[in-house]
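Reviewing the structure listed below.
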Amino acid sequence: MKVSSFFVTNRKVFLPNRDNLATVMLYYYLLITNEGMNMKKLIFLINPAAQSGNAMQIWQKFEAYLKGKQIDYQAQISTRPRDIYNWSYIWQKHNSYNSVLVILGGDGSLNEAVNGQLAANIGWSAPIAYIPAGSGNDFARAYNLSNNLQPEVIIPQLVTAIETEQVQQLDIGRMLDRVNHTRRYFVNNLGVGFDAATVAATNDSTLKNSLNRLHLGKLAYFLSLFGVLRTQDTFNVSLKSDQGQVQFNHGYLLTFSNHPYFGGGVQIMPDANPTDGKMDLIIIEKRNMPQLLHTLFKVLRSEHYGMQQVYRWTSDKYEMVIPRLEYGHVDGEELGVHAFDFEVTSQKHSFYLITTDK
C-alpha cells in the first residue's frame with residue numbers, strides 16, 4: 001500500500017511507507033489525544049503598555065530568543081481594553097488542550113487572563129504561565145517569581161515546567177456582586193476605600209509614566225496616597241464571616257487578599273497564606289488623622305497587627321455591605337465608584353511559575 005501524504009515532527013519530514021505506517025498512525029493518535037507529547041505550543045499575550053511601554057522591549061527580546069531556538073509559539077499584542085480577557089476566553093474554550101497561555105504584562109493583565117479563562121465556564125481551567133513585566137508586580141513578589149526577565153533564563157525553565165507538568169495550585173479570590181449578579185476574580189487583592197481611591201488617583205496621575213521609565217513606579221502610588229489622605233472619608237461596613245457578624249462605622253481601608261502584598265510591595269497582611277483555601281481580610285478604621293497616620297506608618301513597616309482600629313480575619317466566606325458610594329478595585333483595576341453588596345470566597349487556580357533566578 002502506498003501512502004502519498006507526509007508528516008513533520010521535531011522539524012524532520014517523514015514519508016510514510018509500508019514499514020513505518022504503524023508509526024505514522026501512532027503519531028496521529030498521539031497528536032489527536034495529546035498523549036505522550038509534553039511540549040505544547042506557547043501562546044503569548046502581551047500588554048505593551050505595562051511598565052509604560054517597557055514590556056514591549058522585553059517581549060522583543062523574548063521573540064528573538066524563541067525564533068533563534070525554533071520554539072513553536074504564537075503572539076498577540078493587546079491594543080484595546082479586554083483584549084487579553086477575550087483572547088484568554090477563546091483559548092480556554094478552544095485551544096487549551098494543546099497549548100500553554102503565557103501572559104507578559106502586569107498584575108492587571110494576569111487578572112484579565114484569569115477572568116477570561118473562567119468566563120469560558122467549561123468545567124476546568126488549564127494552567128497558565130506568567131512573566132511579570134508590570135510596575136507593581138505584587139503577584140510576582142508574593143510567589144518569589146524570577147525578576148531576571150531574560151528569555152534565556154525564563155524560557156528553558158518554563159519549557160521544563162510544562163514538560164514535567166510542574167503545576168502549582170494557588171488560591172485566587174472570587175467576588176460575587178449580589179446586586180448585579182456578576183462575578184469577578186482576583187489574583188492579588190480586592191479593595192474598597194482608601195487603597196482603591198489611591199489606585200484610581202495613581203492611574204490618573206500624569207507622573208506615573210515618567211516614574212515608571214525611571215523604575216520608580218512605587219513612588220507614583222505613594223505620591224497619590226498623600227493626596228487621597230485629604231479627600232477620603234470614612235464609611236459604614238456590615239460584615240459577616242465564619243467568626244460572626246460585625247458592624248463598623250469608621251471604615252477607611254478595606255482589603256481582601258490571597259497573599260501578604262498590596263500597593264507594590266507593602267505587606268498589608270504578612271501572615272496571609274496563598275494555599276490554605278481561605279481568604280484574608282483587613283479593615284482599618286479612621287478615628288482621627290493622627291491615629292490614622294500612625295497606623296499607616298506602622299503598616300509600611302508591617303508592625304500594625306494588634307493596634308487599635310486594625311481588624312484582621314481569615315475565613316472561608318465573607319458577606320459584606322457598604323451602603324455609601326466608594327472606590328473599589330481588583331488587582332489594581334478600577335471597579336468605579338458605587339455602593340457594594342457582595343460575597344467573597346477563594347478557589348484554586350493552576351499556574352506554571354518560574355520561581356528562581358538561575
Side-chain angles (χ1 to χ4, degrees), residues 45 47 78 80-93 101 103 105-125 128 130 134 136 138-139 142 170-200 202-203 237 239-241 253-259 261-263 268 272 274 277-283 315-323 325-351:
L45 304 185
N47 176 9
S78 68
R80 298 180 301 273
R82 291 179 68 85
D83 269 351
I84 291 177
Y85 176 98
N86 293 329
W87 291 333
S88 300
Y89 174 92
I90 294 170
W91 172 80
Q92 177 65 49
K93 199 92 168 177
L101 197 66
I103 309 303
D107 290 338
S109 303
L110 183 60
N111 175 283
E112 276 195 62
V114 169
N115 276 274
Q117 263 194 288
L118 294 172
N121 196 28
I122 62 174
W124 70 287
S125 295
I128 63 174
Y130 175 54
D138 281 330
F139 185 87
L170 304 178
D171 295 338
I172 63 170
R174 177 176 59 202
M175 180 191 75
L176 174 64
D177 186 323
R178 298 191 293 194
V179 175
N180 299 315
H181 305 288
T182 56
R183 186 169 293 159
R184 289 286 297 266
Y185 300 89
F186 54 97
V187 296
N188 293 330
N189 321 114
L190 160 64
V192 178
F194 178 66
D195 62 324
T198 304
V199 166
T202 303
N203 290 340
V237 181
L239 171 68
K240 182 179 180 181
S241 70
L253 182 154
L254 185 156
T255 298
F256 293 93
S257 186
N258 300 307
H259 57 65
Y261 296 98
F262 90 140
I268 187 70
K278 299 179 182 293
M279 181 57 56
D280 297 285
L281 167 66
I282 192 167
I283 295 177
S315 182
D316 292 319
K317 178 182 177 181
Y318 301 89
E319 299 177 31
M320 181 169 289
V321 176
I322 300 173
L325 299 179
E326 293 295 334
Y327 283 100
H329 82 93
V330 287
D331 294 338
E333 301 300 305
E334 297 177 49
L335 293 175
V337 180
H338 54 83
F340 291 89
D341 183 348
F342 56 80
E343 294 179 2
V344 175
T345 56
S346 71
Q347 67 182 56
K348 297 295 182 183
H349 202 75
S350 301
F351 297 91

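Quick note: residue numbers are just sequence positions, from 1.
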| Trace of the side chain to side chain contact (heavy atoms under 4.5 Å, CB included) decision for L176 with F342 | CA-CA 5 Å; L176 174 64; F342 56 80; 5.9 Å; no

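- Atoms CG and CD1, on D138 and I268 in that order, are 11.0 Å from each other to the nearest 0.5 Å.
- Residues G277 and D316 come closest through the heavy atom pair O-OD1, 4.2 Å.
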| said: Run the side chain to side chain contact (heavy atoms under 4.5 Å, CB included) test on L254 and M320 for me, step by step, so that the C-alpha distance in whole Å, both residues' side-chain angles and the decisive distance to 0.1 Å come before the verdict. | reply: CA-CA 11 Å; L254 185 156; M320 181 169 289; 3.2 Å; yes

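- Between the N111 side chain and the Y185 main chain, a donor and an acceptor come within less than 3.5 Å of each other.
- In this model, a donor atom of one side chain and an acceptor atom of the other lie less than 3.5 Å apart for D107 and N188.
- Taken to the nearest 0.5 Å, the CE atom of M279 stands 9.5 Å off from the CG atom of L281.
- Among residues two or more places apart in sequence or in another chain, the side-chain hydrogen bond (donor to acceptor under 3.5 Å, both in side chains) test is passed with E334 by N203.
- A side-chain donor-acceptor contact under 3.5 Å links N258 to the backbone of V187.
- Taking both residues in full, the closest heavy atoms of A142 and H259 are given as CB-CG, 3.3 Å, listed atom of the first, atom of the second, then distance.
- Looking at I103, D331, I128 one by one, the single match for side chain to side chain contact (heavy atoms under 4.5 Å, CB included) with V114 turns out to be I128.
- A donor-acceptor pair is defined here as one N or O able to donate and one able to accept, closer than 3.5 Å; such a pair exists between the side chain of N189 and the backbone of Y261.
- A distance of 10.0 Å separates CE of M175 from CZ of F256, quoted to the nearest 0.5 Å.
- Closest heavy-atom contact between P323 and A339: O-CB, 3.4 Å.
- In terms of heavy atoms, D280 sits closest to A272 at OD2-CB, 3.4 Å.
- Remark: side-chain polar atoms of S78 are not paired, donor with acceptor, to backbone N or O of R80 under 3.5 angstrom.
- Looking at residues two or more places apart in sequence or on another chain, you find a side-chain contact (heavy atoms from CB on, under 4.5 Å) between Y89 and K93, A119, A120.
- Contact between E333 and G108 at its shortest, heavy atoms only, is OE2-CA, 3.4 Å.
- E326 and V192 make their closest contact through CB-CG1, 3.8 Å (heavy atoms, listed as atom of the first residue, atom of the second, distance).
- No donor-acceptor pair under 3.5 Å is formed between the side chain of S241 and the backbone N or O of Y318.
- Taking CG of N115 as the reference point, atom CG of L110 lies at 9.5 Å (rounded to 0.5 Å).
- Remark: T345 OG1 to E319 CD distance equals 11.0 Å, nearest 0.5 Å.
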| Could you walk me through whether D171 and K348 pass the salt bridge (Lys or Arg N to Asp or Glu O under 4.0 Å) check? | CA-CA 5 Å; D171 295 338; K348 297 295 182 183; 2.7 Å; yes

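- Here the straight-line distance linking atom CD of Q117 with atom CH2 of W91 works out to 5.0 Å at 0.5 Å rounding.
- In this structure, the side-chain contact (heavy atoms from CB on, under 4.5 Å) partners of D341, at least two apart in sequence or on a different chain, are R178, V179, V321.
- Paired with L118 under the rule side chain to side chain contact (heavy atoms under 4.5 Å, CB included), one option of R184, Q92, H349 passes, and it is H349.
- Note on ring orientation: taking the six-membered ring where Trp is involved, the planes of F340 and H338 are tilted (angle from 30° to 60°).
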